[in-house]
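The chain is numbered in sequence order, starting from 1.
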Amino acid sequence: MNEQSQPPILPWDAHNQKLVSNVHPADWKNPTPAKRYNLVVIGGGTAGLVSAIGAAGLGAKVALIEKHLLGGDCLNVGCVPSKAIIRAARAAAAVREAAGFGVNVPAGVTVDFAKAMERMRRLRADISPHDSAKRFTEQGVDVFLGDGTFTGSDSVEVSGQTLRFSKAVIATGARAAAPPIPGLKDVPYLTNETLFSLTELPRRLGIIGAGPIGCEMAQAFARLGSEVFLIEATHGILPREDLDAAEIVKAAMASDGVKLLCCGKDLKLSKDPSGVRMQVESHGKGYDQVVDQLLVAVGRAPNVERLGLETVGVEFDKKGVKVNDRLQTTNSRIYACGDICSPYQFTHAADFMARIVIQNALFMGRAKVSSLIIPWATYTSPEIAHVGLYEKEAQEKGIAVDTFTQELSKVDRAILDGETDGFVRIHVRKGTDEIVGATVVAAHAGDMICELTLAMKGKLGLKTIGGSIHPYPTQTEAIRKTADIYSRTRLTPFVKKVMGKWLAWTR
Ligand SMILES: Cc1cc2nc3c(=O)[nH]c(=O)nc-3n(C[C@H](O)[C@H](O)[C@H](O)COP(=O)(O)OP(=O)(O)OC[C@H]3O[C@@H](n4cnc5c(N)ncnc54)[C@H](O)[C@@H]3O)c2cc1C
């Protein structure tokens, strides 16, 4: 998808009509602008919505401008639809694995992909009132639908109207990047903006990019019945993650039938009568594969075009708008938050950056983005979640760490649930119990990482985790057990000797 065009939300059924009636009502009339706004927000995704509603809630006069769909990527073409599809895929996998639990499912069970997608559209529409133009208006925000462009030092134009501001926020997000792959321009392909409009399961699906989006969708579509070919330029999957963790997910994806062509070289794409032909070399072997649909999931490009950034002296590059630690752009009256300016492209990061912007832009706050502790999760089965530093990062920063790992195969709940592939790994500053980073690979890693994030935020060490009771049997016991491993290392030979003597004496 190029920088200009907005793909329609398809199919045009009752669910999508409901969605659009909330997030871009056809009969919407932009309000008459106030004389001057405390805050004008450009972009109505998570970052913009949170900035706008938070500021209005504190009494500021706020205008919010959205050119396409309120809710941005997360609601419309990101987190929400992807997680709904993943849930359907998990149901399909559970049926396939049912016999192992003694549940005999009759042969011939099929997946109704169209129905799974309809469920996704229904749930997305059900969630959409939360991000609706109506709700934001009721909360005191002036909602303008149209393209926002800076026209002067304190003015933004939208649909022929001029909005004057004291402070402004750029929250225009990012879109799927089109990598320079030979032939890509000549073949039809999907991105996250069009994937969720499918109503028919692709028999063969090619995916380029084994990052979080590529991996989540590869496993989900394989579980729903597609033959999936996942092409990745580097070795393995999820290159940013702990290698051992990524290996576990890689094996799980392989057992779901995903064919990974990693260390992919010389990828060429061309048209084929039945879809797209992909030629690639992986680990020294040539592959020539036709797929019915191709999903491109490599990298994100910031939405910086036609914002008039040059007019107001806001610097940007191919990574996005440049901001300082207080999320101020190179124009001190203009701030930015969310995917447009952050390497942490997550909804929860956009949310917390927006909170920083409200404090700093409106109340002379000094909040810093570097003080945020941002966890993240990839929703494969098992999930991978991470917070803080990886071991390699700690080494690069010269921080010596002790690392403790608890395998899930020794955690009762994981054994009982048949979810033993995974581990909890915690890095502490060497010789202390201060947590500097952690990775969890588990069925519910995204939930489990919260305990470790809280511990880091509250400066609670591993000792405190080890001393807090976790209900038995839960997967989170794996975190407490990791703390127990740490505690055992504190039992020095001297302490052990003294204790031994005491026990012998009191026998
Ligand atoms: C497939 C997929 C799955 C994801 N899953 C997760 C997940 O599970 N968890 C998670 O935390 N994150 C996930 N993300 C990432 C998450 O969606 C983003 O981090 C989040 O949406 C960023 O919010 P944002 O407000 O910065 O940008 P966006 O959501 O992109 O919103 C920006 C808005 O600005 C509007 N805009 C752009 N230019 C203008 C203009 N000139 N005038 C007016 N409006 C403009 C756009 O139309 C858009 O609505 C996923 C992303 C994708 C693609």
Side-chain angles (χ1 to χ4, degrees), residues 81-82 84-99 105 107-117 120 181 183-184 187-192 194-233 235-238 246 249-298 378-382:
S82 62
I85 292 173
I86 287 170
R87 181 63 189 93
R90 210 164 59 235
V95 171
R96 219 163 285 135
E97 290 156 11
V105 180
V109 174
T110 55
V111 169
D112 186 339
F113 180 75
K115 204 159 179 183
M117 294 303 268
M120 174 277 285
I181 299 169
L184 183 65
V187 299
Y189 65 92
L190 301 163
T191 68
N192 69 292
T194 44
L195 177 73
F196 305 112
S197 293
L198 288 179
T199 50
E200 247 179 65
L201 183 72
R203 189 166 66 78
R204 298 158 301 180
L205 174 66
I207 300 182
I208 303 177
I213 298 172
C215 286
E216 287 181 358
M217 292 300 98
Q219 189 180 43
F221 275 79
R223 287 177 155 193
L224 292 170
S226 291
E227 188 178 10
V228 176
F229 301 90
L230 178 60
I231 300 176
E232 166 57 43
H235 183 70
I237 61 164
L238 299 169
V249 174
K250 190 175 106 180
M253 285 169 61
S255 78
D256 281 313
V258 174
K259 297 183 176 71
L260 174 67
L261 305 178
C262 66
C263 298
K265 280 203 292 198
D266 300 329
L267 173 60
K268 278 187 218 68
L269 303 167
S270 54
K271 262 194 185 151
D272 182 271
S274 60
V276 178
R277 185 171 173 202
M278 311 186 305
Q279 289 164 291
V280 65
E281 192 189 309
S282 169
H283 290 281
K285 196 172 158 207
Y287 292 83
D288 190 344
Q289 179 65 46
V290 173
V291 290
D292 304 283
Q293 296 278 4
L294 174 69
L295 170 66
V296 176
V298 255
T378 299
Y379 298 91
T380 43
S381 292

So CD1 of Ile231 and CG of Leu269: to nearest 0.5 Å the spacing works out to 7.0 Å
Residues passing the side-chain hydrogen bond (donor to acceptor under 3.5 Å, both in side chains) test with Arg204, sequence neighbours excluded, are Ser274, Asp292
Consider side-chain contact (heavy atoms from CB on, under 4.5 Å). Of Leu230, Asn192, Ile86, which one does Met217 pass it with? Ile86
Across all chains, not counting sequence neighbours, the side-chain contact (heavy atoms from CB on, under 4.5 Å) partners of Lys271 are Val187, Pro188
Sort and list the pairs that fulfil side-chain hydrogen bond (donor to acceptor under 3.5 Å, both in side chains) and have at least one residue in residues 205-214, not counting sequence neighbours. none
Can I get a per-line list of side-chain donor-acceptor pairs under 3.5 Å for residues 88-95, giving both atom names and the distance, sequence neighbours left out?
none

CE of Met278 to CD1 of Ile208: how many Å apart, nearest 0.5 Å? 7.0 Å
Find the distance between CD1 (Ile85) and CE (Met120) and round it off to the nearest 0.5 Å. 4.5 Å
Can you name the closest pair of heavy atoms from Ala222 and Val228 and give their distance? N-CG2, 3.6 Å
Contacts of type side-chain hydrogen bond (donor to acceptor under 3.5 Å, both in side chains), residue Asp112, not counting sequence neighbours: none
Using side-chain heavy atoms (C-beta onward) and a distance below 4.5 Å, is Val276 in contact with Tyr189? no
So do Leu295 and Leu190 actually touch side chain to side chain, heavy atoms under 4.5 Å? yes
Apply side-chain contact (heavy atoms from CB on, under 4.5 Å) to Ser197 and list each qualifying residue two or more places apart in sequence or on a separate chain. Leu10
If you take all heavy atoms of Ile213 and Ala297, which pair is closest and at what distance? CG2-CB, 4.2 Å
How far does OG1 of Thr110 sit from CG of Leu224, to the nearest 0.5 angstrom? 11.5 Å
Find the distance between OH (Tyr287) and CD (Gln279) and round it off to the nearest 0.5 Å. 14.0 Å
Heavy atoms of Val105 and Ala98 approach each other most closely as CG2-CB, 3.6 Å
For the pair Met253 and Leu260, evaluate side-chain contact (heavy atoms from CB on, under 4.5 Å) and give the outcome as yes or no after the intermediate values. CA-CA 9 Å; Met253 285 169 61; Leu260 174 67; over 6 Å; no
Could you report the tightest heavy-atom contact between Pro212 and Leu238, atom names first, then the distance? N-CD2, 3.5 Å
Sequence neighbours excluded - side-chain hydrogen bond (donor to acceptor under 3.5 Å, both in side chains) pairs with any residue from residues 213-231: Lys83-Glu216, Gln219-Asp256, Arg223-Asp256, Arg223-Ser381, Glu227-Lys259
Return the set of residues passing ring pair (Phe, Tyr, Trp, His ring centres under 6.0 Å) with Phe221 (not counting sequence neighbours), or none when no residue passes. Phe113
Check whether any side-chain heavy atom of Leu198 sits under 4.5 Å from a side-chain heavy atom of Met117, and report yes or no. yes
Run the side-chain contact (heavy atoms from CB on, under 4.5 Å) test on Val291 and Leu205 for me, step by step, so that the C-alpha distance in whole Å, both residues' side-chain angles and the decisive distance to 0.1 Å come before the verdict. CA-CA 5 Å; Val291 290; Leu205 174 66; 5.9 Å; no
Which residues pass the ring pair (Phe, Tyr, Trp, His ring centres under 6.0 Å) test with Phe196, sequence neighbours left out? none
Looking only at heavy atoms, what is the nearest atom pair of Gly236 and Lys250, with distance? CA-CD, 4.2 Å
Using the test side-chain hydrogen bond (donor to acceptor under 3.5 Å, both in side chains), find all partners of Asp288 that sit at least two apart in sequence or belong to another chain. Arg277
If I take atom NE2 from residue His283 and atom NZ from residue Lys265, how far apart are they, to the nearest 0.5 angstrom? 10.0 Å
Output, in order, the C-alpha distance, side-chain angles, deciding distance and verdict of side-chain contact (heavy atoms from CB on, under 4.5 Å) for Thr378 and Val249. CA-CA 10 Å; Thr378 299; Val249 174; over 6 Å; no
Any residue meeting side-chain contact (heavy atoms from CB on, under 4.5 Å) with Ala254, in chain and number order, not counting sequence neighbours: none
